[in-house]
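Here is the structure we will look at.
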Amino acid sequence: MKLMVMKNYDEISKACAGMISELVKKNSEAILGLATGSTPIGTYKELIRMHKEEGLDFSKIKSFNLDEYVGLGGDHPNSYRYFMDHELFNHINIIKDNTNVPNGKANNLEEFCKEYDEKIDRAGGVDIQILGIGSNGHIAFNEPSSELSVGTFVVSLTESTIEDNKRFFESIDDVPKKAITMGIGTIMKAKKIILLANGKSKANAIKRIVEDRKLTTEIPASLLLLHPDVTFIVDEEAYGK
Ligand code: F6R
């Protein structure tokens with residue numbers, strides 16, 4: 001595992017966008033694994049700037065997102081499809097049909113999950129996966145538990161995650177209780193993984209992974225220690241400085 005500790009959020013965003021743009025320039029048909037949440041917004045802003053000012057070309061890029069709330073359609077302002085369209089896709093020249101966000105309104109959710117993994121495999125696998133981390137150590141919606149899933153699956157969200165995410169909804173009762181999420185195995189298949197973390201609330205999870213260097217399903221992100229090419233880019237606060 002490679003660790004990069006940067007001064008602040010702006011720096012982690014630029015470092016991450018720099019790594020993505022390097023890949024996109026080298027491989028115009030690269031497959032990006034993307035995350036939602038507040039952490040990658042700065043990265044997406046920087047990619048948009050690179051597209052507008054430097055002509056970074058996404059016309060042949062494909063993407064797969066980590067997760068989506070069950071029950072929310074793409075036109076719902078709290079859906080992750082809506083987030084991706086508004087925070088990134090609408091502002092770069094990626095072809096919408098080449099972007100994949102799990103369908104939270106699929107008729108058969110189990111079947112959808114199986115097909116999502118197959119679609120990623122058929123596309124050739126994710127070249128670079130961007131991850132945020134929950135304050136409880138979750139990645140995507142793989143929550144702390146005695147067991148973790150391998151492939152994409154339907155998960156019941158924990159109280160802690162519902163609490164973390166309620167800021168995006170009018171009330172806690174509006175936060176969906178289930179989501180579709182890539183499993184740990186799906187994430188681990190990416191050729192390269194970048195985990196971003198900023199702010200004090202992430203310091204405990206980061207410390208337990210970076211210092212203890214132990215694998216535990218109670219901190220799902222600790223499983224990333226097994227990946228051959230993973231970089232944690234964290235700011236000083238998330239590093240506990
Ligand atoms: C989002 C996702 C989540 C977030 C995590 C951190 O697609 O999979 O695991 O990365 O909850 O969220 P923020 O960035 O809002 O702190």
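In each ligand, atom 1 is the first atom listed, and ligand 1 is the first ligand listed.
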Please name all residues satisfying side chain to side chain donor-acceptor pair (under 3.5 Å) with N8, sequence neighbours left out, ordered by chain then number.
-> none
Among protein heavy atoms, which sits nearest to [atom], and what does the distance come to when rounded to 0.1 Å?
atom                    : answer
atom 16 (O) of ligand 1 : K202 NZ, 2.7 Å
atom 3 (C) of ligand 1  : A140 O, 3.7 Å
atom 14 (O) of ligand 1 : T39 OG1, 2.4 Å
atom 1 (C) of ligand 1  : T36 OG1, 3.2 Å
atom 10 (O) of ligand 1 : G132 CA, 3.3 Å

Short version for D67: what comes under 4.0 Å of ligand 1, heavy atoms counted, is side chain
So for I133 against ligand 1, with non-hydrogen atoms under 4.0 Å, the contacting part is backbone
Ligand 1 atoms nearer than 4.0 angstrom to some heavy atom of L66 are 8 (O)
Looking at G37, which atoms of ligand 1 are within less than 4.0 Å of one of its heavy atoms?
-> 14 (O), 15 (O)
Applying the 4.5 Å side-chain criterion to the ILVMFWY set and letting contacts propagate, would Y44 and V101 be lumped into a single cluster?
->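 The answer is yes; both residues are in one hydrophobic cluster.
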Decide if the gap between the ring center of F64 and the ring center of Y116 is smaller than 6.0 angstrom.
->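 Yes, ring centres under 6.0 Å apart.
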Who passes side-chain contact (heavy atoms from CB on, under 4.5 Å) against A30, sequence neighbours left out?
-> L23, N27, I61, D127
Does the pair E11/K7 count as a salt bridge with the N-to-O cut at 4.0 Å?
-> no
Would you call K166-D174 a salt bridge at under 4.0 Å N-O?
->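 Result for this pair is no, no salt bridge flagged.
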So with a 6.0 Å cut-off around NZ of K177, is the heavy-atom count from everything else above 12?
-> yes
Heavy-atom proximity to atom 4 (C) of ligand 1, best of E143, M182, H138 = H138
Run the side-chain contact (heavy atoms from CB on, under 4.5 Å) check on M19 and I194 step by step: do they pass?
-> CA-CA 9 Å; M19 288 161 96; I194 300 176; 3.8 Å; yes
Of all the heavy atoms in R167, does at least one lie under 4.0 Å from an atom in ligand 1?
-> yes
